[in-house]
There are 2 protein chains.
Amino acid sequence: MKFSAKFEYALVALLYLKCEPDEMPVSGRTLSEKLNLPYRFLEQILSDLKKGGIIRSVRGKQGGYKLSVEPEHISIYDVYQVTEGKFEPWDCTHGESADGCGQSHNLCVINQFYTDFKTTFIDLLKSYTLDRLCNSAKNLKNLSAKVV
Amino acid sequence: MKFSAKFEYALVALLYLKCEPDEMPVSGRTLSEKLNLPYRFLEQILSDLKKGGIIRSVRGKQGGYKLSVEPEHISIYDVYQVTEGKFEPWDCTHGESADGCGQSHNLCVINQFYTDFKTTFIDLLKSYTLDRLCNSAKNLKNLSAKVV
DNA sequence: GATAATTCCGATAGAAACGATATGAATAAT
DNA sequence: ATTATTCATATCGTTTCTATCGGAATTATC
């Protein structure tokens with residue numbers, strides 16, 4: 001039960017993009033350096049975020065990435081899905097017959113809990129937008145610049 | 001973001017113990033066979049559950065395991081802690097200076113979300129007791145016997 | 001047109017976590 | 001003494017996660 005580094009990096013990168021002025025796209029290299037994240041790994045994540053429609057890219061020299069939608073329309077759940085895939089905390093691999101889980105009903109007893117958990121989790125992640133996070137991160141740039 | 005097999009096995013085993021008559025302890029071997037779980041692995045889990053005070057054991061021949069407290073006082077969160085350790089979905093390994101997270105404040109911005117998530121998670125898991133689960137699992141024994 | 005900075009793509013390596021197995025000692029009922 | 005059991009520890013194999021690598025395609029700038 002951990003969030004992956006991919007997810008974490010994605011959030012941080014998105015926060016950076018949000019707090020950037022809109023004119024110029026930000027390159028992967030810049031993101032990597034400013035946020036101190038591994039460049040090649042970050043590239044993969046940016047690729048995922050693009051595929052997921054969260055950011056858009058500009059190729060070639062002077063290219064880079066920008067948010068493709070308003071920060072208030074990007075939920076943490078969106079980011080989760082893009083980086084960690086469909087949320088499926090439980091492997092009900094114990095037979096999938098007509099009545100749901102043929103072989104071992106004993107496991108599926110726990111489904112009540114499981115379903116509840118899933119709903120709660122998704123609702124919470126949906127309730128956080130990038131904007132909501134970023135409001136307390138106005139000074140992101142200064143801080144990350146300070147690091148180096 | 002997955003529950004481990006350990007956690008799943010622990011829950012199923014505890015459900016079995018709960019639904020057993022109290023007189024005799026149930027051996028690890030029996031649990032393993034009835035629930036179709038890998039014996040040695042299950043032993044480890046039972047050991048964890050014992051260390052965590054959730055079950056108690058009787059050594060030697062005719063020995064086995066029993067719940068050490070009433071099922072209504074065993075929460076899923078207890079089981080989670082015992083099998084997966086402290087719930088810490090986020091590695092704030094980005095410098096732990098006096099103000100919490102020295103180097104990269106940008107990461108810690110996400111702490112608002114993180115804290116909220118943690119609280120929600122723990123509350124939900126605490127709200128489910130073994131008893132609550134087991135009420136819908138009265139026929140556990142029959143079902144698992146049917147499987148084989 | 002050449003150059004440089006960039007996104008994009010696929011392969012793979014390295015590390016860590018997870019699930020499971022193996023060996024055997026200690027304990028206690030029969 | 002024998003047998004069934006808990007208990008302790010080590011190790012193995014697989015998968016997943018994190019990260020690296022090489023290079024192709026694209027595009028602004030000189």
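The analysis underlying the following values was restricted to heavy atoms, covering all of them including side chains, and did not include hydrogens, waters or symmetry mates. So you know, we letter chains A, B, ... as the sequences are listed, proteins then strands, and number each from 1.
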K.L.:
Within the 4.5 Å heavy-atom criterion, are A:T120 and B:F121 side-chain neighbours or not?
P.N.:
no
K.L.:
Can you tell me the distance, in whole Å, between the NZ atom of A:K2 and the P atom of D:dT18?
P.N.:
10 Å
K.L.:
Could you say whether A:V26 or B:E84 is positioned toward the 5' end of DNA chain C, judged by the nucleotide with the nearest heavy atom to each?
P.N.:
A:V26
K.L.:
Tell me the interatomic distance from B:D48, atom CG, to C:dC18, atom P, rounded to whole angstroms.
P.N.:
13 Å
K.L.:
Quick one: B:Y9 OH to C:dA20 P, roughly how many Å, whole number?
P.N.:
4 Å
K.L.:
Which nucleotides of nucleotides 25-30 of chain D have their base under 4.0 Å from a protein heavy atom (B), which only their sugar-phosphate (S), and which neither (-), written as one string 5' to 3'?
P.N.:
BBBBS-
K.L.:
Name all residues meeting the salt bridge (Lys or Arg N to Asp or Glu O under 4.0 Å) criterion together with B:K50; count only those two or more places apart in sequence or in a different chain, and write none if there are none.
P.N.:
none
K.L.:
Nearest whole Å is fine: how far is D:dC17 P from A:F41 CZ?
P.N.:
10 Å
K.L.:
Record whether the side chain of A:R40 comes under 3.5 Å of the base of D:dG22 through a donor-acceptor pair of N or O atoms.
P.N.:
yes
K.L.:
B:E88 and A:K2: which non-hydrogen atoms are nearest, and at how many Å?
P.N.:
O-NZ, 2.6 Å
K.L.:
Tell me if the side-chain of A:Q44 makes a donor-acceptor pair with the base of D:dT18, cut-off 3.5 Å, by modelled atom types.
P.N.:
no
K.L.:
Please give, in whole Å, the distance from C:dC18 P to B:E8 CD?
P.N.:
14 Å
K.L.:
If each of A:G63 and A:K51 is mapped to the nucleotide of DNA chain C with the nearest heavy atom, which maps nearer the 5' terminus, i.e. the 5' end?
P.N.:
A:G63
K.L.:
Counting any heavy atom closer than 4.0 Å, what does A:S47 reach on the DNA or RNA strands: base, sugar-phosphate only, or nothing?
P.N.:
nothing
K.L.:
D:dC7 C1' sits how many Å from B:I45 CD1, rounded?
P.N.:
15 Å
K.L.:
For DNA chain D, whose closest nucleotide is more 5', that of B:S57 or that of A:K6?
P.N.:
B:S57
K.L.:
With under 30° as parallel and over 60° as perpendicular, where do the rings of A:F117 and A:F87 fit, or are they tilted in between?
P.N.:
tilted
K.L.:
So, using side-chain hydrogen bond (donor to acceptor under 3.5 Å, both in side chains) as the criterion, who are the partners of B:Y77 when residues are at least two apart?
P.N.:
B:Q81
K.L.:
Could you tell me whether the side chains of B:D78 and B:S75 share a donor-acceptor contact shorter than 3.5 Å?
P.N.:
yes
K.L.:
D:dT18 P sits how many Å from A:E43 CD, rounded?
P.N.:
18 Å
K.L.:
Enter the distance from B:L124:CG to B:T119:OG1 here, rounded to the nearest 0.5 Å.
P.N.:
12.5 Å
K.L.:
For B:M24 and D:dA4, what is the distance between atoms CE and P respectively, to the nearest whole Å?
P.N.:
14 Å
K.L.:
Within the structure shown, what part of the strands sits under 4.0 Å from B:Y65 by heavy-atom distance: base, sugar-phosphate, or nothing?
P.N.:
sugar-phosphate
